[in-house]
*Asks:* 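Below is one structure. I have some questions about it.
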Amino acid sequence: MNTVFIAGHARLPSGMAAKNMYETLTITAEIDKKYGVIVAANCTLATEHGRQFVQQLLRGHSLQDGIEMPVEEVKEHYLGKAGNALASALNDLYKQYEHYLGS
């Protein structure tokens, strides 16, 4: 298999629909081992539309280039209450990716 599956987590703000189902927001990503490219992504936002939007934002980014660009994309284009949680979960996902590279 040429990919790895990594998850990042962050606390959700109060007053969100997803908060009723989950305490934390999770972003999962399938990442190409050789190039660090996000092949597919998903998250625990409450709506299918939100999950698809996050996937579109993240797909194609190489984590070999760092996490700053995907975080900025989320901050610029996702204007919902979960924006900060998404950014935090991405940073956590990147830490997990770095840990994978170091192992």
*Asks:* Report yes if some heavy atom in the side chain of Leu63 is under 4.5 Å from a heavy atom in the side chain of Tyr100; otherwise report no.
*Replies:*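 Side chain of Leu63 against side chain of Tyr100, heavy atoms only: no contact under 4.5 Å found.
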*Asks:* Looking only at heavy atoms, what is the nearest atom pair of Ala87 and Val71, with distance?
*Replies:*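 Heavy atoms only, the tightest pair is CB-CG1, 4.0 Å.
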*Asks:* Just wondering, do Glu68 and Tyr94 contact through their side chains at under 4.5 Å, heavy atoms?
*Replies:*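 They are not in side-chain contact.
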*Asks:* Measure the CD1-NZ distance between Ile6 and Lys95 for me, rounded to the nearest 0.5 Å.
*Replies:*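 Ile6 atom CD1 to Lys95 atom NZ measures 14.0 Å (nearest 0.5 Å).
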*Asks:* Hey, are the side chains of Leu86 and Leu57 touching, using non-hydrogen atoms and a 4.5 Å cut-off?
*Replies:*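 Leu86 vs Leu57: side chains apart.
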*Asks:* Should side-chain heavy atoms under 4.5 Å link Ile, Leu, Val, Met, Phe, Trp and Tyr, which residues sit in the same cluster as Val37?
*Replies:*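 For the cluster that includes Val37, the remaining residues are Tyr35.
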*Asks:* For the pair Thr44 (side chain) and Thr26 (backbone), establish whether a donor and an acceptor sit closer than 3.5 Å, ignoring hydrogens and angles.
*Replies:*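 Indeed, once roles are kept as given, a pair shorter than 3.5 Å links the two residues.
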*Asks:* Can you tell if the side chain of Asn2 reaches within under 4.5 Å of the side chain of Lys33, non-hydrogen atoms only?
*Replies:*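 A side-chain contact is absent here, since even the closest heavy-atom pair is not under 4.5 Å.
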*Asks:* Kindly check if the number of other-residue, nucleotide or ligand heavy atoms within 6.0 Å of CG (Asn42) is above 12?
*Replies:*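 Result for CG/Asn42: enclosed.
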*Asks:* Can you name the one residue among Val74, Leu58, Asp92 that meets side-chain contact (heavy atoms from CB on, under 4.5 Å) with Ile27?
*Replies:*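 Looking at Val74, Leu58, Asp92, the match for Ile27 under the side-chain contact (heavy atoms from CB on, under 4.5 Å) is Leu58.
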*Asks:* So which atom in Ala85 and which in Ala10 form the shortest heavy-atom distance, rounded to 0.1 Å?
*Replies:*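 Reported closest heavy-atom pair: O-CB, 3.3 Å.
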*Asks:* State the CZ-OG1 distance between Arg51 and Thr28, to the nearest 0.5 angstrom.
*Replies:*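 Arg51 atom CZ to Thr28 atom OG1 measures 11.0 Å (nearest 0.5 Å).
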*Asks:* Hydrogens and angles aside, do Glu48 and Gln52 bring a side-chain donor and acceptor to less than 3.5 Å of each other?
*Replies:*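 Yes, Gln52 and Glu48 have a side-chain donor paired with an acceptor closer than 3.5 Å.
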*Asks:* Output the distance between atom NE2 (His61) and atom CD1 (Ile67), rounded to the nearest 0.5 Å.
*Replies:*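 Nearest 0.5 Å value for the NE2-CD1 distance: 8.5 Å.
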*Asks:* Would you compute the distance between atom CG of Leu12 and atom OG1 of Thr24 and round it to the nearest 0.5 angstrom?
*Replies:*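 Spacing of CG (Leu12) from OG1 (Thr24) equals 6.5 Å.
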*Asks:* Any chain of hydrophobic side-chain contacts (each under 4.5 Å) joining Leu101 to Leu93?
*Replies:*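 Yes: a chain of side-chain contacts under 4.5 Å links Leu101 to Leu93.
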*Asks:* Could you tell me whether a side-chain N or O of Arg59 sits under 3.5 Å from a main-chain N or O of Ile38, the two making a donor and an acceptor?
*Replies:*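 Answer holds: no.
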*Asks:* Any sub-3.5 Å donor-acceptor pair from Gln55's side-chain atoms to Ala41's backbone N or O?
*Replies:*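 Yes, because the side chain of Gln55 sits within donor-acceptor range (under 3.5 Å) of the backbone of Ala41.
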